[in-house]
Each structure stands twice: as C-alpha cells, then as structure tokens.
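One structure is given below, encoded as structure tokens.
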Amino acid sequence: MPAPLQLTLPDGSVREMPAGTTGAQLAASIGAGLAKAAVGIVNDDKQQDLSEPLKSGPVRILTLKDAEGLDIARHSATAQALAAAVKEMFPGTKLAIGPTIDDGFYYDVDFSEAKRPLSADDLPALEAKMREVLATDAPITRELWAPEDLKAHFTKTGDTYKNEIIDGAIEKGQLIDGKVSVYRNEKTGFIDLCVGPHVPHLGLVPASFALSSLAGAYWRGDSANQQLTRIYGRLFATQKELDAYLHMRAEAEKRDHRKIGPALDLFHFQDIAPGQAFWHARGWSIYTELTNYMRHQLDTAGYEEVNSPQLVHKSLYEASGHWENYFEDLFLVKEEREGVVKDIYSLKPMNCPCHVQIFNFGIKSYRDLPLRMAEFGSCMRNEAHGALHGLMRVTGFKQDDAHIFCTEDQMMEESARFCELLHAVYQDLGFTDYFVKLSTRPDKRVGSDDVWDKAEAALAEACKNSGLGYVLSPGDGAFYGPKLEFVLRDCIGRDWQCGTLQVDFNTAARLGAHYTTESGERLAPVMLHRAILGSLERFIGILIEQYEGKFPLWLAPVQAMVVPITDHQNTYAEEVAATLRHALPTATGGLRVEVDDSSERMQKKILLAQQQKIPYMLVVGAKEAEAGTVAVRLRDGTDLGAMPLTTLTQRLKDELSARQ
RNA sequence: GCCGACAUAGCACAGUGGUAGUGCAGUGGUUUUGUAAACCAAAGGUCGGGAGUUCAAAUCUCUCUGUCGGCACCA
C-alpha cells in the first residue's frame with residue numbers, strides 16, 4: 001500500500017489523500033463549486049491536468065480567476081476550438097502552432113493548400129464555428145503517443161508542421177518516457193499535439209472571446225520559411241472583462257500619435273517622402289524644445305557637440321562593417337559622369353564612423369579621454385517598407401547621439417554616469433516605468449569572443465551598479481557590440497527602443513583610431529555608443545501618446561491662446577500676447593502665445609483652444625481690458641479668474657522651470 | 001521584404017456598373033457675443049497613379065505607389 005499523499009493547500013492546511021488521487025478528485029473533496037470551476041492544478045510548482053494523479057507537496061487548484069487558469073482556457077480555445085474549426089471549415093489547411101499571449105491566443109495555419117486564403121470577413125463564421133465546438137462540452141483527455149505513431153497520424157491529416165515539432169522535441173530530449181502528449185476531443189476525435197494542460201471539458205472555456213485579426217507570420221519566426229496565416233483572438237474570464245479590454249483598446253487608439261499629430265497640426269506624412277515627417281511649425285517647436293533641453297543636459301554632463309557630413313563615400317562604411325551588414329538599407333547616391341559610375345556615396349545611416357574621423361584628427365592621448373562627442377545628426381535608413389510606422393519607425397530621423405571614447409578602465413564609470421543621466425532625463429519627461437533589455441552577441445558579428453565576453457560583462461555590471469533590472473535578449477546585439485536598450489511602451493502596448501548604451505571594442509580599431517597611453521603605447525579606445533531619447537521622431541511619437549497631446553507647458557506648441565470676447569478687445573489681446581512673448585524666453589524665442597481674433601463667439605473660441613489642447617486660455621473682455629488683467633482658464637476647464645499679467649507671468653515662469 | 005486588408009473634398013465618413021453625396025473645417029456675409037459648437041450663402045473632387053474589360057467604371061480585372069494589422073528586420 002503506497003503512502004498517502006500530503007497535499008498543502010494555499011491556506012497552509014495539509015490534506016491527506018490516498019495515493020493516486022487526481023486533481024479533479026481533490027477539487028471534489030474540497031467542494032462541488034470548486035470542482036465545477038476547476039480548469040487545472042498546480043502541483044509541486046508544475047501545472048498539470050486535473051485528470052493526472054498528484055504528488056505530495058503544495059497544490060493550488062486553478063480556475064478562470066487565476067492568471068494561469070485563464071491561460072489554460074485560452075490555450076484550449078486556440079488548440080481545441082480554433083484549430084478544429086479551421087480544419088473543418090478550410091480543408092487542406094495545415095496547423096502549425098497555437099500559443100497563448102497576454103490578452104488571448106493565436107493559431108498559425110498554413111493556407112497555401114486550402115481552396116482560398118483566409119480573409120477578415122471569414123472571422124465571424126470561424127468564431128461561430130468555435131462556439132459550436134465549445135458548446136458540445138466535449139471532454140478533452142490527455143494521451144501519450146509513440147512519436148512514430150503520432151507522426152503517421154499528422155502525415156495523414158496533413159499537419160506536417162507538427163511532425164517538425166515532434167522531431168524537435170525528440171532532438172531536445174523533451175519526450176515523456178519516450179512518448180509525446182496529445183489532447184483528444186472525445187466527441188470528434190480531433191487530436192492536437194500539446195504539452196498541456198487543458199481544460200477537462202470544453203464547457204469550461206468561457207464564451208467571452210472574440211477573434212480579432214489576421215496577420216502573416218513566418219514558420220518558426222524565420223523569413224526564409226513558409227509564411228503562415230496567424231489568427232488572433234482575445235479571451236477573458238467574463239464578458240465584462242472582454243468588453244472592458246475592447247473599450248480600453250478603443251480609448252488607447254484615440255491617443256495614437258498618427259491621429260493626434262496631424263489633428264494638432266504637428267506634422268504629416270506624404271507619399272512623396274515615405275517614412276519622413278513633414279514637421280509643421282507646431283510640431284517643430286516640440287522638436288526644438290526637446291533638442292535644446294538635451295543639448296543642455298549633454299553640455300552639463302561634459303559632452304562636446306559636433307556635426308558631420310550627410311553624404312559619405314562608401315569606403316567609410318566598408319571599413320566600419322556597415323556596408324556588409326546593412327547594404328540593403330543604405331540610401332546610395334551614385335556620382336555619374338558620361339554614363340559611368342565614378343563613385344558611390346551613402347546618405348549617413350548613423351553617426352559613429354564619422355565621429356571616429358573627428359577623433360582621428362590630430363593625435364589623442366590618454367589625457368583626452370574620456371572624450372564625449374555628441375551630435376544631433378540627421379540619418380537616413382532605407383527601412384523595409386513594411387517596417388515603417390508613423391513617427392516610431394521612419395527612414396529619416398535625428399538622434400541625441402553621442403560616442404564616448406574612453407579607456408577600458410573608464411568604461412564602467414562612463415556607463416554608470418550614462419545610466420544616471422538617462423534616468424534623470426526620463427524622470428524630467430515623465431517616464432518612470434521604462435524597462436531595460438540586455439542584448440548579447442548575434443551570430444553575425446565582428447570581433448573575438450573574449451572581447452565580447454568583456455563587453456557583455458561590462459553592460460551587466462553597469463546595470464547592477466545602477467540598480468537596473470534587465471531582461472536578457474540573447475543574440476540581439478549589434479554586429480560590433482552588445483547593447484542595453486531602454487524601452488518605452490506606446491498607447492497600444494507596442495514596445496519601442498528609445499535609449500541605448502552599446503559597448504564597442506571593435507569599431508575604433510577597425511577605423512584606425514588610437515590614443516597614446518601613459519606608458520607610450522598606442523591603443524584603440526573603447527567606444528560607448530549611447531542615446532537617451534534615441535530617435536527624436538520616435539520619442540516625440542511616444543510623448544504625444546503619453547500626454548495624449550496635452551503637453552506640459554514647456555513643450556506645448558501654443559502655450560497660451562488669448563481669447564477676446566468681442567473685437568473691441570482685439571487690440572488689448574494683441575498687447576497681452578506681445579507682453580507675454582517678451583516676458584518669458586523659450587527654445588523657439590519667446591513664450592508661444594496666439595490671439596484668436598476670429599469673429600466666432602467666445603464659447604467657440606474656447607472649444608477650439610480646448611481641442612488644440614492649449615494649456616492656457618486667456619479670456620479678455622471689456623472688464624479685463626479696463627483693469628489690465630486676463631481671465632485665466634486652464635485646459636482642464638479650471639477657471640482661475642482674472643489676474644494681472646505679472647501674476648500670470650510668475651505662474652507660467654514657475655511652471656516652465658518645473659517642466660510640468 | 002512577406003501575408004491579409006484599405007485608399008472617395010483639409011478631416012470623419014456614405015455611395016457595388018448608369019448625373020459624386022453628408023457633417024465638420026475653410027471662404028464670403030450677417031451677428032459684437034462672458035467660459036466646450038450663432039445664423040445665412042456660395043464654393044470645394046482627374047474617387048491614390050497607370051493600364052484593361054464595358055455602350056458606360058468610384059464600383060470589375062491587372063499593375064504601381066502609399067497606408068493599416070501583424071511577421072521578419074531595426075547599426
């Protein structure tokens with residue numbers, strides 16, 4: 001007689017059950033309600049099916065209220081309902097993989113041998129079919145198959161991608177006693193390869209889901225492979241949560257910088273210059289303020305600003321390695337004479353090789369290091385067309401770019417100082433929840449492994465010293481060195497690299513940069529490539545979404561709108577505007593004040609200023625003109641009442657310096 | 001670049017083979033107004049570009065460009 005199980009419940013109590021007890025039996029022994037709601041169980045820190053026997057140790061029964069339980073339901077929805085529905089409605093399709101994601105699930109399916117491709121119009125019917133499958137409440141049972149038998153099965157059903165997954169599992173030694181787990185729908189016999197767990201019966205998958213969109217996706221994430229059709233779905237425990245999620249998405253889309261930007265007259269895009277913003281006066285004032293702010297920050301931190309050429313001979317990029325690594329993305333300019341190409345130049349795709357040229361001018365000694373060289377240089381990259389995305393991913397952009405030339409000994413301190421500066425800047429700009437990615441050596445790279453070891457260790461150490469937690473992203477480094485990426489999130493949850501710190505032991509040496517050490521040796525300096533905002537375009541895109549266009553006073557394109565009540569106050573309004581413009585300096589000149597002298601009624605003028613998200617509305621009527629005051633109304637509707645201009649100026653001055 | 005979709009007035013949209021529409025914005029006029037939309041009028045379009053089918057194309061087909069959702073890429 002095997003020893004009974006000792007099961008520790010989440011409340012700390014211990015329950016003794018006979019050996020062989022399953023999760024389902026445990027749930028039933030606790031309560032009928034729990035038994036009905038259970039979708040899986042965590043036993044001994046491992047998720048498993050309710051049908052599996054338990055081991056002694058901690059147990060936690062999962063329902064849709066647990067994140068893991070919801071994940072199981074999402075998993076069953078895609079693998080058992082969506083997959084089965086696709087196979088039934090579209091003969092000839094081949095199933096690939098169907099994992100869960102943050103808000104739901106997707107399934108990748110090969111439609112190349114189906115009668116026609118899947119279109120978004122098919123989603124409602126597909127979703128209805130899923131609901132039919134779920135409504136059968138079919139039991140889902142786990143089975144272990146010999147790999148060869150299972151491969152024969154999938155060969156028969158045409159799902160040959162599954163066989164590749166099985167082969168991969170064999171290779172990685174992931175079999176369970178030489179077998180592979182599958183899940184079977186007991187009513188239809190549909191079988192999907194899966195490690196599980198799954199809900200015990202389909203009735204437990206909530207009806208609160210929706211197929212949301214279609215996309216292309218490469219098999220195994222490799223563009224050399226077949227492209228599959230990815231079907232996305234969202235699933236939550238209750239309809240209320242699904243509705244709340246969809247509502248949140250709809251609200252988030254209103255913050256989209258691609259909508260707000262043109263609506264606020266900040267910038268626009270046009271076919272004649274894909275991926276390059278036309279910056280309007282109002283958008284450019286933000287650009288100017290931000291650049292000016294960064295310039296001050298860099299100056300204080302001991303950087304010197306330079307400017308390098310726009311169009312550079314290809315030999316520089318051949319020497320740096322960029323020609324080989326990014327040839328496709330260079331904008332080339334051919335110099336032709338009488339039909340013969342004499343020379344090829346490239347629009348500058350990044351500043352670093354040019355900065356090395358400046359470094360190389362004259363002999364450098366260890367006394368010159370660290371040398372911090374900054375440039376708000378204009379760069380052009382011919383990005384893959386499908387990659388372009390508003391201001392976030394563009395072909396033409398400027399960065400708050402700088403390269404720190406330093407000795408190996410100085411590298412750590414410089415990295416720490418950079419992380420500190422970045423943090424201070426992000427705080428000023430209202431970003432506190434950025435996250436950090438450490439991207440390590442890619443397959444295609446230059447330099448020896450021990451140099452990479454050193455560079456990667458330096459970045460990890462820098463994070464540690466600055467108290468930054470990071471996510472490791474293996475293989476995502478630049479070809480010349482590893483990098484820290486400082487990532488910000490846009491309104492619809494997409495992540496964008498903004499700041500970066502890269503340790504480069506290769507480029508300086510490749511381009512012949514060196515300095516004389518104390519002992520008279522000639523050594524190549526270490527280069528730290530770093531940016532805080534990253535692409536100004538991208539950063540402004542993020543800022544627009546962060547503030548929903550309601551910029552803090554110092555960044556606001558129009559900082560105050562003077563609203564005369566009748567045209568008798570137009571002259572006074574102009575005087576007020578002129579006084580304020582002269583009273584307070586900004587990066588674009590004086591305070592950015594406009595007067596709405598249109599013949600609209602005041603109510604309409606306020607509405608328009610509000611829609612333009614102008615922080616201050618200064619209403620002037622006969623009373624104000626008489627008293628030499630303005631009636632101050634804020635963007636949020638607050639009425640501060642009438643005040644003398646000097647009071648207002650002080651208030652604005654304080655607000656500007658606080659950058660709020 | 002790849003898969004799927006989309007492109008109609010400045011903006012938001014309607015129009016599925018037979019005379020190109022609505023609202024807002026813009027323009028002209030009237031109104032002189034106290035904290036989120038005054039009134040009237042006229043105007044505004046090579047229906048993204050090109051080719052084709054048809055008596056006839058915004059509408060169907062092909063192609064190019066751009067955009068959107070993803071994938072891949074991101075120095």
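First the proteins, then the strands, lettered A, B, ... as listed; each starts at 1.
With sequence neighbours excluded, no residue forms a salt bridge (Lys or Arg N to Asp or Glu O under 4.0 Å) with Arg651(A).
Asp490(A) places its CG atom 9 Å from the P atom of G70(B), with the value rounded to the nearest Å. Counting to the nearest Å, the C1' atom of G4(B) and the CG atom of Asp108(A) are 14 Å from each other. Distance, Leu388(A) CG to G70(B) P: 15 Å, rounded to whole Å. Leu330(A) has its CG atom 14 Å from the P atom of C74(B), to the nearest Å. Atom pair Ile272(A):CD1 and G49(B):P shows a separation of 15 Å (rounding to whole Å applied). The separation between Lys605(A) atom NZ and U33(B) atom C1' is 9 Å, rounded to whole Å. Remark: P of C71(B) and CZ of Arg220(A) are 18 Å apart, rounded to the nearest angstrom. Atom CG of Leu126(A) is separated from atom P of G4(B) by 17 Å (rounded to the nearest Å).
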Between the protein and nucleotides 23-30 of chain B, are there any N/O to N/O pairs under 3.5 Å, and if so, what are the atom names and distances?
| unit_1 | atom_1 | unit_2 | atom_2 | d |
| --- | --- | --- | --- | --- |
| A25(B) | OP1 | Lys604(A) | NZ | 2.9 |

Using the 3.5 Å cut-off, write out each protein N or O paired with an N or O of nucleotides 44-46 of chain B and the distance between them.
none

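Side-chain N/O atoms of Arg258(A) include one lying less than 4.0 angstrom from OP1 or OP2 on C68(B). Between Arg494(A) and G70(B) there is a side-chain N or O to OP1 or OP2 distance below 4.0 Å. Using a 4.0 Å cut-off, no side-chain N or O of Arg538(A) falls inside it from OP1 or OP2 of C74(B). At the phosphate of C74(B), neither OP1 nor OP2 sits under 4.0 Å from any side-chain N or O atom of Arg393(A). Dashed line: the shortest gap from a side-chain N or O of His385(A) to OP1 or OP2 of U67(B) is not under 4.0 Å. The side chain of Lys483(A) places an N or O atom within less than 4.0 Å of a non-bridging phosphate oxygen (OP1 or OP2) of A75(B).
Residue Asp222(A) is out of contact with every strand shown, counting any heavy-atom pair closer than 4.0 Å. Note on Ala631(A): a base of the nucleic acid sits closer than 4.0 angstrom, heavy atoms only. In this structure, Ser223(A) reaches the sugar-phosphate backbone alone: every heavy-atom distance under 4.0 Å involves primed, P, OP1 or OP2 atoms, never a base. Across all strands shown, Arg633(A) has heavy atoms under 4.0 Å from base atoms, whether or not it also approaches the sugar-phosphate. No contact: Phe479(A) has no heavy atom under 4.0 Å from any strand. Contact annotation for Tyr232(A): backbone-only contact, meaning every heavy-atom pair under 4.0 Å involves sugar-phosphate atoms and none involves a base. Pro274(A) comes within 4.0 angstrom of the backbone, heavy atoms only, and of no base. Looking at heavy-atom distances under 4.0 Å, Gln603(A) makes contact with sugar-phosphate atoms alone, never a base. Across all strands shown, Ala384(A) has heavy atoms under 4.0 Å from base atoms, whether or not it also approaches the sugar-phosphate.
Taking 4.0 Å as the cut-off between side-chain N and carboxylate O, Arg441(A) and Asp476(A) do not count as a salt-bridged pair. Salt bridge absent: Lys398(A) and Glu537(A) never bring a charged side-chain N and a carboxylate O closer than 4.0 Å. Remark: Arg372(A) does not engage Glu305(A) in a salt bridge, criterion side-chain N to carboxylate O under 4.0 Å. A salt bridge does not link Glu548(A) with Lys254(A): none of the charged nitrogens is closer than 4.0 Å to a carboxylate oxygen. Electrostatic pairing of Asp108(A) and Arg230(A) counts as a salt bridge here, judged by a charged N lying under 4.0 Å from a carboxylate O. A salt bridge links Glu375(A) with Lys348(A); the closest basic N to acidic carboxylate O contact falls under 4.0 Å.
Counting distance only, with no hydrogens placed and no angle test, the side-chain atoms of Gln270(A) and the base atoms of G48(B) include no donor-acceptor pair under 3.5 Å. Within 3.5 Å, a donor on the side chain of Tyr218(A) pairs with an acceptor on the base of G1(B), or the reverse.
Residue-to-nucleotide proximity on RNA chain B shows that, of Gln497(A) and Leu214(A), the 5′-proximal contact is made by Leu214(A). RNA chain B is contacted by both Gln399(A) and Gly221(A); Gly221(A) maps to the nucleotide lying nearer its 5′ end (nearest heavy atom per residue).
Proximity note for Ala217(A) (side chain, C-beta onward) versus C71(B), C74(B), A36(B): the nearest is C71(B).
C11(B): Watson-Crick or G-U partner is G23(B), with both key distances under 3.5 Å. Nucleotide C71(B): paired with G1(B) (Watson-Crick or G-U wobble, both distances less than 3.5 Å). Using N1 to N3 plus N6-O4 or O6-N4 for Watson-Crick, or N1-O2 and O6-N3 for G-U wobble, each under 3.5 Å, A56(B) pairs with nothing. Pair assignment for A42(B) gives none, since no Watson-Crick or G-U wobble pairing has each distance under 3.5 Å. Judged by Watson-Crick or G-U wobble contacts below 3.5 Å, the nucleotide C6(B) has G66(B) as its partner. U31(B) is unpaired under the Watson-Crick or G-U wobble criterion, no partner having all donor-acceptor distances under 3.5 Å.
A donor-acceptor contact under 3.5 angstrom links the side chains of Ser320(A) and His322(A), judged on distance only.
Atom CD of Glu324(A) sits in a sparse spot, with 12 or fewer heavy atoms from other residues, nucleotides or ligands closer than 6.0 Å.
Ring geometry, His389(A) versus His257(A): the interplanar angle falls from 30° to 60°, so the pair is classed tilted.
When each of Phe539(A), Trp496(A), Phe486(A) is tested with Phe431(A) by the rule ring pair (Phe, Tyr, Trp, His ring centres under 6.0 Å), just one qualifies, namely Phe539(A).
For His280(A) and Phe267(A), the distance between ring centers is not under 6.0 angstrom.
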